[in-house]
Amino acid sequence: MDPSNEQLLARIKELEQENEQLKAQATLQSKSTSSFPKIDDNFSLDEYKRYGRQMIVPDFGSLPSQIKLKNSSILVVGAGGLGCPALLYLSAAGIGKIGIIDDDLVDTSNLHRQVLHTTETVGIHKCESARRYINKLNPHVVVETYQFRLQNDNAFDIVSKYDLVLDCTDTPATRYLINDVSVLCGKTIVSGSGLKTEGQLSILNFNNKGPCYRCFYPKPPSPESVTSCSDGGVIGPVIGLLGITMAVETIKILTGYYTDETFKPFLSMYSAYPQQQLRVFKMRNRKPDCAVCGNLPQILKETILENQIDYAAFCGTVNSNVLNPDERIDVKKYSELLNKNNSQVLLDVRPKEQFGITKLANSINIQWDPIFKKAESIDEYLPQNFDKSKDSVYVVCRYGNDSQLATRKMIDELGFKNVKDLIGGLNKWSEVVDSTVPQY
Ligand SMILES: Nc1ncnc2c1ncn2[C@@H]1O[C@H](COP(=O)(O)OP(=O)(O)OP(=O)(O)O)[C@@H](O)[C@H]1O
C-alpha cells in the first residue's frame with residue numbers, strides 16, 4: 001500500500017476513536033442535565049458544532065436553550081416572502097419540528113424574495129420546495145408539510161399540534177383566522193407583514209396572556225385599502241429582514257428569554273426608505289372586552305368550525321362587478337379593432353412606475369390612485385379635439401381591476417359616452433394577443 005494512504009487510514013482511525021470519546025463525554029454531560037431528559041441522549045456531536053456559535057452567546061442561554069429549541073415545534077403559515085427567510089433561519093437554528101402550510105406553487109415572480117425557492121423549483125408546491133431546502137440545510141429538523149390552505153375546517157387540528165405559530169400570510173382574512181384559532185388553542189403567534197419598502201412585526205397572544213390581533217384591530221381594514229405584493233410590489237430584502245426578525249423573536253420565545261414579567265406587548269415598524277428606520281411602539285395589554293381573547297365564548301370554536309364565521313366575508317372583497325357587459329371588451333376583440341382603425345384613445349391607469357416597465361403603443365398614462373380617482377376632469381390628458389360624447393376610449397391596467405373603477409367613473413361622473421374596459425388588462429393581452437409584452 002502507498003505509505004501516504006497508510007498514514008491517512010491511521011489518522012482516520014485516530015479520529016474515529018476521538019469521536020467515540022467525545023460522544024461518550026457528551027452523553028455523560030447531557031445525562032446530568034436532568035430537566036431535559038427527552039432529548040439529551042440524542043444530542044449529537046454534529047449538533048454541538050452546528051449550534052456552537054449561538055449557544056455561546058450569553059443572552060441565548062447555552063445548551064439548555066438549544067435543547068428547548070430541539071424540543072419545540074412551530075407552524076409557519078405561508079412559505080412566501082416572510083415565511084422563507086423565517087424558515088431558513090429557524091431551521092438552521094435547530095427547531096426540532098417545523099410545519100409548513102401553503103397551497104401555492106412557486107412562481108418566477110416570487111424568486112427575488114422567497115429565498116428558499118429556486119429557478120428549479122418554479123411550478124412545484126412552495127411547501128415541497130421549502131422542505132427540500134431545509135432538509136439539505138439541516139437534516140436534524142423534522143419538516144411536515146400541508147399543501148393546502150389553512151381554513152376554518154382544518155385550522156384547529158393543525159394549529160393544536162404545534163407550540164407556536166408564525167403568521168407569514170398576506171391577507172386579513174387569514175390573519176383573523178390564525179389569530180382566533182391560535183387564541184382558542186392557547187398558542188403564541190409571531191406575526192409579520194410587509195409591502196413596498198416597509199414592514200411590521202408583533203407578538204400576539206404571548207403565553208396565552210398577551211393581547212391578540214383583535215385587541216389591536218377589532219375591525220378589518222377596508223378591502224380597497226389592502227394591497228398585495230403583486231399589486232404594490234415589495235423590495236426583497238425588506239420583507240426578508242422582517243421574516244428574519246420574526247425568526248429572532250421566535251427563538252427568544254421558545255428559549256424562554258421572554259417571561260410573563262419581562263414581555264411587554266409591542267409593534268415594531270421598519271422602513272427602508274428614505275433612510276433606514278426601526279421604531280418600536282409599546283402596545284396596550286389585552287382588551288378586556290376583546291371578542292376573542294378577552295371573553296372566550298365557549299361557542300366560538302364551533303362557530304368557526306361550522307363556517308359560521310366567514311372570514312373572507314368579514315374582511316370584505318373588492319367589488320369587481322362594477323361594469324355591465326357592454327361596458328367591457330375582451331382583448332382579442334380590441335386587437336381586431338386596432339387592426340381596422342386605431343383612432344381611439346387607450347388610457348393606461350397603472351402607476352407611472354409600472355407604465356415605465358412596459359406599455360402598449362400609443363397609450364396615455366393617468367395613474368388611477370390617487371390622481372384619476374380624485375380628478376374632476378381628465379380632459380387635459382386627452383388629444384386636442386377629442387369629443388367625449390362620441391369618440392372612443394379604452395381603459396387598461398395590469399390585471400383589469402383599477403381599469404373597471406376608472407371606466408365606471410368616466411361614465412358616471414366625467415361625461416364619457418363611449419368608454420370600455422379591457423378585460424383582464426395587460427396580463428391578458430400578453431397571454432392572448434402578444435406574448436412579447438412582458439408580464440411582471
Ligand atoms: N390561508 C392560507 N393558508 C396557507 N397559505 C396561505 C394562506 N394565505 C396566504 N398564504 C400564503 O402566504 C404566502 C404569502 O406570501 P407573499 O406575501 O410573499 O405573497 P405571494 O402570494 O407568494 O406573492 P404575490 O403576492 O407576489 O403573488 C403565499 O405563499 C400564500 O399562498
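Sequence positions, counted from 1, serve as the residue numbers for this chain. All values derive from a computational prediction rather than experimental measurement.
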Are there more than 12 heavy atoms of other residues, nucleotides or ligands under 6.0 Å from atom CZ of R53? no

Main-chain N/O of K70 paired with H140 side-chain donor or acceptor, under 3.5 Å: no

Where do R284 and C215 land on the side-chain contact (heavy atoms from CB on, under 4.5 Å) test, with the steps shown first? CA-CA 9 Å; R284 282 190 305 263; C215 296; over 6 Å; no

Spell out, as yes or no, whether a donor-acceptor pair under 3.5 Å connects the side chain of S182 to the backbone of N179. no

Do S129 and T121 have side-chain atoms, one donor and one acceptor, less than 3.5 Å apart? yes

Against the six-membered ring of F156, is K301 placed for a cation-pi contact (under 6.0 Å from the centre, within 45° of the normal)? yes

Mind telling me whether F148 and Y146 have parallel, tilted or perpendicular rings, with 30° and 60° as the class edges? perpendicular

Check against side-chain contact (heavy atoms from CB on, under 4.5 Å), L204 and I178: CA-CA 11 Å; L204 303 169; I178 292 173; over 6 Å; no

For the residue pair F60 and L69, establish whether any side-chain heavy-atom pair is separated by less than 4.5 Å. yes

Quick one: do Y257 and I251 satisfy side-chain contact (heavy atoms from CB on, under 4.5 Å)? Show the steps, please. CA-CA 8 Å; Y257 179 81; I251 290 172; over 6 Å; no

For a quick test of reading the model, state the closest non-hydrogen atom pair linking G80 to D102 and the distance between them. N-OD2, 4.3 Å

Donor-acceptor contact present, side-chain R398 to main-chain Y440, <3.5 Å: yes

Would you check if the side chain of T188 reaches a backbone N or O of N207 as a donor-acceptor pair within less than 3.5 Å? yes

Backbone of V292 reached by a side-chain donor or acceptor of R214 within 3.5 Å: no

Minimal non-hydrogen separation, K187 against D163, with atom names: CD-O, 3.8 Å

Heavy atoms, side chains only, cut-off 4.5 Å: are Y48 and L63 in contact? yes

Do E198 and Y273 have side-chain N/O donor and acceptor atoms under 3.5 Å apart? no

Evaluate the side-chain proximity of N110 to K126: yes if any heavy-atom separation is below 4.5 Å, no if none is. yes

Could you tell me whether the side chain of F372 reaches within less than 4.5 Å of the side chain of M410, counting heavy atoms only? yes

Would a 4.5 Å heavy-atom cut-off, applied to side chains only, mark Y394 and T407 as touching? no

Distance-only side-chain donor-acceptor flag, Q66 / Q54, under 3.5 Å: yes

Note, K373 side chain near K409 side chain (heavy atom, < 4.5 Å): no

If you measure from OH on Y51 to OG on S62, what distance do you get to the nearest 0.5 Å? 15.0 Å

Under 3.5 Å donor-acceptor, Q200 side chain and S193 backbone: no

Plane angle bin for F314 and Y176 - parallel if under 30°, tilted between 30 and 60°, otherwise perpendicular: perpendicular

The residue among D421, V396, L422 that forms side-chain contact (heavy atoms from CB on, under 4.5 Å) with S403 is D421

Pairing donors with acceptors under 3.5 angstrom, does anything connect the side chains of E47 and S44? yes

Residue pair L242 / T245: nearest heavy atoms and the distance that separates them: O-OG1, 2.8 Å

Side-chain (S72) to main-chain (K68) donor-acceptor, under 3.5 angstrom: yes

Backbone N/O of Y258 and side chain of T262: donor-acceptor pair under 3.5 Å: no

Side-chain contact test, heavy atoms from C-beta onward, threshold under 4.5 Å: evaluate it for Y399 versus D231 and give yes or no. yes

Decide whether Y213 and D167 meet the rule of one side-chain donor and one side-chain acceptor closer than 3.5 Å. no

Closest contact, heavy atoms only, G192 versus R175: O-NH2, 2.9 Å

CD of Q404 to SG of C397: how many Å apart, nearest 0.5 Å? 8.0 Å

Let me confirm one number: the CG-OG distance from L201 to S268, rounded to the nearest 0.5 Å. 4.5 Å

Between R350 and D348, does the salt bridge (charged side-chain N to carboxylate O under 4.0 Å, His left out) criterion hold? Intermediate values first, please. CA-CA 6 Å; R350 291 173 301 149; D348 185 326; 2.7 Å; yes

Spatial distance of atom CZ (F266) from atom CE (M283) [nearest 0.5 Å]: 10.5 Å

Closest heavy-atom contact between A79 and C84? O-SG, 3.4 Å

Judged by atom type as modelled, is there a donor-acceptor pair below 3.5 Å linking the side chain of N154 to the main-chain atoms of Q151? yes

For the CZ atom of F263 and the CD1 atom of I203, what is their distance to the nearest 0.5 Å? 4.5 Å

Ignoring hydrogens and geometry, is there a side-chain-to-backbone donor-acceptor pair from N152 to I309 under 3.5 Å? yes

Ignoring hydrogens, what is the shortest heavy-atom contact between V437 and S430? Give both atom names and the distance. O-OG, 2.8 Å

Report the residue from V77, L75, L90, I189 that forms a side-chain contact (heavy atoms from CB on, under 4.5 Å) with L166. L90

Drop me the distance from L164's CG to S73's OG, to the nearest 0.5 angstrom. 8.5 Å

Would you call S363 and N365 a side-chain contact if the rule is heavy atoms closer than 4.5 Å? no

Counting only heavy atoms not in K428, do more than 12 fall under 6.0 Å of its NZ? no

When you look at NZ of K252, are more than 12 heavy atoms from neighbouring residues, nucleotides or ligands closer to it than 6.0 Å? yes

Neighbour count >12 (heavy atoms, 6.0 Å) for atom CD, E120: no

Set out, in order, the CA-CA distance, both residues' side-chain angles and the distance that settles side-chain contact (heavy atoms from CB on, under 4.5 Å) for H112 and V234, then state yes or no. CA-CA 10 Å; H112 80 115; V234 64; 4.2 Å; yes

